[in-house]
Amino acid sequence: MIKQKSYDNIDYLEYGDSAESDIAGTLPNDDDISIKPLTVIDWNMPSNIPSVKGVELIAEFVKRLPDKPGVYRMLGENSDVLYVGKAQNLKKRVANYTHPERQINRIARMISATCNMEFIVTSTETEALLLESNLIKRLRPRFNILLRDDKSFPYITITRNHWAPGIFKHRGAHIRKGDYFGPFASAMAVNRTINSLQRAFLLRICKDSVFETRSRPCLLYQIKRCSGPCTNEISNSDYALLVEEAKAFLSGKSQKVKEQIAASMLAASEAMDFECAALYRDRLAALSHVQTHQEINPQTIDEADIFAICQEEGLTSIQVFFFRTGQNWGNHAYFPKVDPSLPVPEVLKAFLAQFYDNKPLPKLILLSHEIAEHSLLIKALSLKANHKVQIITPRCGEKKELIKHALTNARESLGRKLAEISSQAKLLEGLAKTFALPHKSQRIEVYDNSHIMGTNSVGAMIVAGSKGFVKSQYRKFNIRSTEITPGDDCGMMREVIERRFSRLVKECGLPRQTKNTEDNDTFPSWPDIILIDGGKGQINTVDEVLKKMGIQHFVTVIGIAKGINRNAGREHFFIEGKLPFFLSPRDPVLYFIQRLRDEAHRFAIGAHRTRRKKEMIKNLLDEIEGVGPKRKQALLNHFGTAHTISRAAVEDLMKIKGISQAIAQTIQNHFNER
C-alpha cells in the first residue's frame with residue numbers, strides 16, 4: 001500500500017508502515033539543503049521471506065528499487081548506519097553489492113554485516129550528492145570516508161551595532177550585526193592578525209559593557225594599541241575613518257590603504273609634526289607585519305581554497321589553504337578516516353563534499369589531483385553556494401606553484417603524524433611491558449578531580465589511544481552528590497567512576513573477553529587501562545566500585561601518586577597485586593604517563609574554572625522560583641541591579657509588569673532569607 005505523506009514540508013511516498021519513524025531525525029531540514037520533493041522508500045520484508053542479511057537481503061531490495069537517482073543507507077544489527085551512498089540509478093548501484101567477490105575487503109565486510117537498507121529518491125543526482133554528504137556528517141557511518149575535524153573556522157568581525165565599532169574574533173553563526181572577514185585557518189591566525197590590526201588601525205577590542213563604563217583610557221591607549229574612543233580621545237569622524245581603513249585593508253585594498261597612510265606620514269613630517277608622523281610610521285610597520293606573516297600573497301588569485309592530498313603507510317593528509325582578498329589567511333591539515341585501498345580521487349571528492357557542508361564556498365577551488373565526478377561536484381557546490389564555483393587542477397603558472405607549496409605542507413604534516421603514531425605505538429608497548437599487561441592497550445582513560453576547598457567540584461576524564469589523545473571522547477562530570485564532604489577526593493572519584501561505568505554498561509554492554517586488535521574499524525568504547533591521578537586511597541575506591549559492578553576483570557587500574565616533595569620523576573605507582581613502585585627518572589614510559597596525567601590535570605582545571613566563572617557571574621535572581629528570563633529582565637531594566645531589587649518594597653516590585661503580589665513577596669522573602 002502506498003500513502004502520500006509529508007515530513008517537514010517535504011512530500012514523500014511511504015511503502016509499508018515504518019517510514020516515518022525510521023527516517024525521522026535523519027532527513028535534513030530546510031536550512032541544511034533545499035531538496036523538494038523527496039521520496040522516502042522504506043518497507044518491511046515480506047513475511048514469507050525468512051530473516052536474511054547480506055547479499056540475500058540486498059538482492060530482495062534490488063527487485064523493487066526504481067531506476068532513479070537517490071541516496072541509500074545500509075544498516076547493521078542494531079539499526080546502526082554502516083554506510084551512506086548516492087546513486088544516479090539506485091537499482092543498478094545497489095545491484096553491484098550482490099556480487100561481493102568483485103568488491104574490496106572493506107566493502108565485502110560491509111555487505112555481510114548489512115541487515116537492512118533505507119532509500120531516499122531525489123529528482124537529480126546533484127541533490128543526491130548534497131544529501132549524501134549531509135547524512136554522512138550527521139550519522140558518521142562506519143564504512144564511509146569521515147572528516148574527523150568538523151569545527152567551524154574563525155572570522156574577524158567589525159561590528160555595526162555601536163557608534164564606535166570594535167574588532168573581534170568570531171566563530172559560529174553570523175548573528176551579530178557587522179562585517180565578517182574570513183575564514184581564517186585557526187584561532188592563532190586570527191589573534192595574530194587582530195594583534196597587528198590593533199597597532200595599525202587603533203580599533204577597540206573591549207566589550208560594549210566595558211566600553212560604556214570607562215571613565216579614563218585603558219592601558220591599550222597608553223601603549224598605542226587603541227585610539228581611546230571610550231573617553232573621546234579621538235573624534236567620532238576620525239574613528240570612523242580608522243574603521244573604514246580597516247575594512248578596506250581586510251577587503252583586499254591593502255596597497256591603497258598603505259599608500260594613504262604613507263602620504264599622511266609624509267604630510268605630517270613636512271608639517272614638522274614628528275610625533276604624528278611616528279604614529280603613521282608605526283601603523284605602516286604593523287600592516288607590513290601582517291602581510292609578511294602571510295608567507296604567500298598570490299598576484300592572480302583573489303578568492304580561492306587550495307586542497308592538496310598525500311597518502312602514505314595507510315594514512316591520508318589533506319592540506320587546505322585559504323586565500324581571501326588576495327591574501328593568505330592560513331592553512332589547516334586534516335587526517336580523514338579513510339580505507340587505504342581507496343584511490344586518491346575518490347577520497348578527495350568525498351572530503352570536499354563533507355568539508356563544504358557547513359562552510360562558505362569560494363569562487364575557485366584548486367586541487368592537487370583530478371577527482372571523480374568532477375562536473376557533478378561543481379553543480380552540487382554551485383547549487384549550494386548560489387554562485388558559480390570553479391574546480392580546477394592547475395598544470396602551470398602561479399596556481400601550480402601554490403599547489404606545490406600545499407603538497408609540500410601535506411607531506412610534512414603527514415610525516416609528523418606518522419612519527420607521532422610510531423612513537424605512540426612504542427610507548428604503548430613499553431607501557432604493557434612495564435605493567436605486565438596481557439596486550440598493548442587500545443584505549444586508556446585518565447581521571448582527575450579539580451576543586452577549591454570543595455567548591456565547584458569537577459571530575460574529568462581524558463582518553464588516549466594508538467594515535468594519541470582522542471579529544472572527542474573527553475568527558476567532564478559536575479559533582480552532584482550532597483553527601484560528599486567538601487574536599488573529599490575519594491568521594492568525588494567514587495561518583496565519577498560510578499556514573500561513567502554504569503552508563504557504559506547500559507549503553508555498550510559488557511566488553512568481549514578478548515583482547516582489542518588494531519584491525520577494529522571503530523575506536524573501542526571500553527578502556528583497557530584506567531589511570532587515576534591519586535594514591536592508595538583513590539585506587540581502593542575505584543577497585544571497590546568496579547567490584548561492586550562486577551567489571552573489575554575487564555580493566556586494569558593504575559594509580560599514580562606524586563613523589564617525595566611532589567617532584568616529577570619520583571611518582572609512585574599502585575596496581576592491584578603489587579607493592580608500590582616507581583620508574584627510572586629517564587624512563588620513556590614515565591614521561592608518557594606524566595603527559596597523560598598532565599593532560600587530565602589541564603582538562604580538569606579548565607572545566608573547574610569554567611564552572612567557577614559561571615558561578616561568579618550568576619545573577620541572584622536566577623535562584624528565585626517563579627522569576628524567569630522575562631521577569632528578570634523587567635526587574636533589572638527598572639531597578640538596575642540585583643542589589644537594588646533586594647532592598648525594594650513589595651509595593652515597588654508590584655509596579656513592574658508581570659510581577660504579582662505573590663511573586664513580589666517571594667522575591668522579598670528570598671533576599672530576606674539570604
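Between Tyr83 and Tyr72, the ring planes are tilted. Angles from 30° to 60° get that label. Ring planes of Phe435 and Phe573: perpendicular class, angle over 60° (limits at 30 and 60°). Between Phe477 and Tyr447, the two ring planes are tilted [angle within 30° to 60°].
To the nearest 0.5 Å, the span separating CD on Glu445 from CG on Leu504 amounts to 7.5 Å. Separation of atoms NZ (Lys53) and CD1 (Ile111) is listed at 13.0 Å; rounding is to 0.5 Å. Going from atom OG1 of Thr434 over to atom CG of Leu427 covers 10.0 Å, rounded to the nearest 0.5 Å. From Lys388, atom NZ reaches atom CG of Leu383 across 15.0 Å, with rounding to the nearest 0.5 Å. With rounding to the nearest 0.5 angstrom, the CD atom of Gln473 is 5.5 Å from the CZ atom of Arg475. Taking CD1 from Ile558 and CD1 from Ile575, the interatomic distance works out to 4.5 Å, rounded to the nearest 0.5 Å.
Within a 6.0 Å sphere centred on NZ of Lys91, other residues, nucleotides and ligands contribute more than 12 heavy atoms. Heavy atoms of other residues, nucleotides or ligands lying less than 6.0 angstrom from CZ of Arg602 number more than 12. Counting heavy atoms of neighbouring residues, nucleotides and ligands inside a 6.0 Å radius, atom CD of Glu77 does not exceed 12 of them. Annotation for Gln88: atom CD does not count as buried by contact number, only 12 or fewer foreign heavy atoms lying within 6.0 Å. Atom NE2 of His374 has more than 12 neighbouring heavy atoms from other residues, nucleotides or ligands inside a 6.0 Å radius.
Nearest heavy-atom pair, Tyr155 versus Val190, reported as atom, atom and distance to 0.1 Å: O-CG1, 4.1 Å. The minimum heavy-atom distance linking Ala600 with Val446 is given by the pair CB-CG1, 3.7 Å. In terms of heavy atoms, Ala460 sits closest to Phe603 at CB-CD2, 3.6 Å. Nearest approach of Leu428 to Ser466, heavy atoms of both residues: CD1-CA, 3.7 Å. Between Glu370 and Pro345 the shortest heavy-atom distance is O-CB, 3.3 Å. Considering all non-hydrogen atoms of both residues, Ser450 and Ile605 come closest at OG-CA, 3.8 Å.
Using a 4.5 Å cut-off on side-chain heavy atoms (C-beta onward), Leu131 and Val84 make no contact. Proximity of Phe307 to Leu366: side-chain heavy atoms (C-beta onward) are nowhere separated by under 4.5 Å. Taking the side chain as every heavy atom from C-beta outward, Met117 and Thr114 approach each other to under 4.5 Å. Here the side chains of Ile391 and Leu381 are in contact, with some heavy-atom distance below 4.5 Å. You'll find the side chain of Phe351 reaches within 4.5 Å of the side chain of Tyr334, heavy atoms only. Put simply, the side chain of Arg324 reaches to within 4.5 Å of the side chain of Asp305, judged on heavy atoms. The closest side-chain heavy-atom distance from Arg586 to Tyr591 is below 4.5 Å. Counting only heavy atoms from C-beta outward, the side chains of Lys467 and Leu315 approach each other to under 4.5 Å.
Between Arg597 and Glu571, at least one side-chain N (NZ, or NE/NH1/NH2) sits under 4.0 Å from a carboxylate O, which counts as a salt bridge. Remark: Lys363 does not engage Glu303 in a salt bridge, criterion side-chain N to carboxylate O under 4.0 Å. Comment: Lys399 does not engage Glu401 in a salt bridge, judged by the lack of any side-chain N to carboxylate O separation of less than 4.0 angstrom. Between Asp80 and Arg73 no salt bridge is recorded (no basic side-chain N to carboxylate O distance below 4.0 Å). Between Glu125 and Lys379 no salt bridge is recorded (no basic side-chain N to carboxylate O distance below 4.0 Å). The pair Lys426-Glu429 fails the salt-bridge criterion, with no side-chain N (NZ, NE, NH1 or NH2) lying under 4.0 Å from an Asp/Glu carboxylate O.
Proximity of a side-chain donor or acceptor of His387 to a complementary backbone N or O of Leu361 within less than 3.5 Å is detected. Between the side chain of Ser422 and the main chain of Leu418, no donor-acceptor pair closer than 3.5 Å is present. With Arg443 contributing its side chain and Trp526 its backbone, the two residues share no donor-acceptor pair below 3.5 Å. In this structure, the side chain of Ser423 does not engage the main chain of Ala419 through any donor-acceptor pair within 3.5 Å. Listed for the Arg142 side chain is no donor-acceptor partner under 3.5 Å among the backbone atoms of Val81. Side chain of Ser502 to backbone of Arg499: a donor-acceptor contact under 3.5 angstrom is found. Listed for the Ser317 side chain is a donor-acceptor partner under 3.5 Å among the backbone atoms of Ala410.
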- request: May I have the step-by-step check of salt bridge (charged side-chain N to carboxylate O under 4.0 Å, His left out) for Glu346 and Lys349, ending in yes or no?
  value: CA-CA 5 Å; Glu346 186 176 340; Lys349 187 209 75 171; over 6 Å; no
- request: Walk me through it: do His608 and Asn449 pass the test side chain to side chain contact (heavy atoms under 4.5 Å, CB included)?
  value: CA-CA 9 Å; His608 164 72; Asn449 297 323; over 6 Å; no
message: Run the side chain to side chain donor-acceptor pair (under 3.5 Å) test on Asn331 and Gln319 for me, step by step, so that the C-alpha distance in whole Å, both residues' side-chain angles and the decisive distance to 0.1 Å come before the verdict.
response: CA-CA 7 Å; Asn331 62 297; Gln319 192 77 213; 2.5 Å; yes
task: Take Ile306 and Ile403, measure what side chain to side chain contact (heavy atoms under 4.5 Å, CB included) needs, and give me the verdict at the end.
output: CA-CA 7 Å; Ile306 298 177; Ile403 288 293; 3.6 Å; yes
task: Step by step, work out the side chain to side chain contact (heavy atoms under 4.5 Å, CB included) result for Leu367 and Ile365.
output: CA-CA 7 Å; Leu367 304 180; Ile365 297 174; 3.7 Å; yes
field: Verdict with supporting geometry, Ile560 and Ile593, side chain to side chain contact (heavy atoms under 4.5 Å, CB included)
entry: CA-CA 9 Å; Ile560 173 172; Ile593 295 175; 3.5 Å; yes
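Inspection of the Gln311 and Thr316 side chains reveals an N or O donor paired with an N or O acceptor under 3.5 Å.
Cation-pi contact between Lys384 and Tyr356: absent, since separation from the ring centre below 6.0 Å together with deviation from the ring axis within 45° is not met.
Contacts of Glu412 classified as salt bridge (Lys or Arg N to Asp or Glu O under 4.0 Å), with partners at least two apart in sequence or in another chain: none.
In this structure, His405 has its ring center under 6.0 Å from that of Phe321.
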